[in-house]
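What follows is one structure encoded as structure tokens, with my remarks underneath.
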Amino acid sequence: MSSKTFRFSPVDPETSNKAVLLTFDDGPKEKEELTSMLDTLDKHGAKAIFFVNGYRVKQNPELLKLIDERGQTIGNHSWDHIDLHKKSKAEVQKQLGDVSDLVEELTGKRPQFFRPPFGTGGDVGKEVAKEDGMLYMTWSNGSLDWDLKATKKDPQLVIKNVLEQLHPGANILMHELPWTKEALDSLLTKLEEKGYGFIDPASIDLEQG
Ligand SMILES: [Zn+2]
């Protein structure tokens, strides 16, 4: 896999090399949690990509609209959150296409970013994402917020994991989870204290994948 798919050069010279991309996967799930995360992002003037699953969007279309209305970017994370790399092309096309169609129907915008569940899209995942005009990306900094053995639902451990793997251009993987919501304000403050800015997904060159 090319490193270009998950490391980014910040466009804003003000931030020099010290900028990170914030991403939140597997939503939209729950209004209070999501609203809190959106409020925290606003507080820090930060933009993020919310990689959504189609079945969740179907359950919570108003939350999908909320992410868009609050000025954040929506990415495609497949319909069912399944491992795509051994699926047929037709199946992958449906997993991605149905999400993009629904997001477009609800927001008027088609996702420009795709992240495969488990980071395993395979060649067919890359191909279909490209055909749909999406930049395929995994991540370079896993918060481990999804790993209950590693983080034990402890916001402090989520912060620690991210800071330990921090590097300029980091693509930080987080999820819409209660302990991540709790960690977010403090995490963003610590990143700012270390001189990091937040990459606006709208500034990412879609051709770099
Ligand atoms: Zn996921």
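First listed ligand is number 1; within each ligand, the first listed atom is number 1.
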Non-hydrogen atoms of D80 and Y55 that approach each other most closely = CA-CD2, 4.1 Å
Close to the Zn ion (ligand 1), meaning under 2.8 Å, how many protein N, O or S atoms are there?
-> 3
Starting from the C-alpha separation in whole Å, work towards a yes-or-no answer on ring-ring contact (aromatic ring centres under 6.0 Å, His included) for H81 and F118.
-> CA-CA 8 Å; H81 205 280; F118 317 107; 4.9 Å; yes
Apply side chain to side chain donor-acceptor pair (under 3.5 Å) to D123 and H85, showing your working.
-> CA-CA 7 Å; D123 288 343; H85 86 285; over 6 Å; no
Do side-chain atoms of N141 reach the backbone of I172 as a donor and acceptor pair under 3.5 angstrom?
-> no
Evaluate whether atom NZ of K190 has more than 12 neighbouring non-hydrogen atoms of other residues, nucleotides or ligands under 6.0 angstrom away.
-> no
Would you please say whether a donor-acceptor pair under 3.5 Å links the side chains of N53 and H77?
-> no
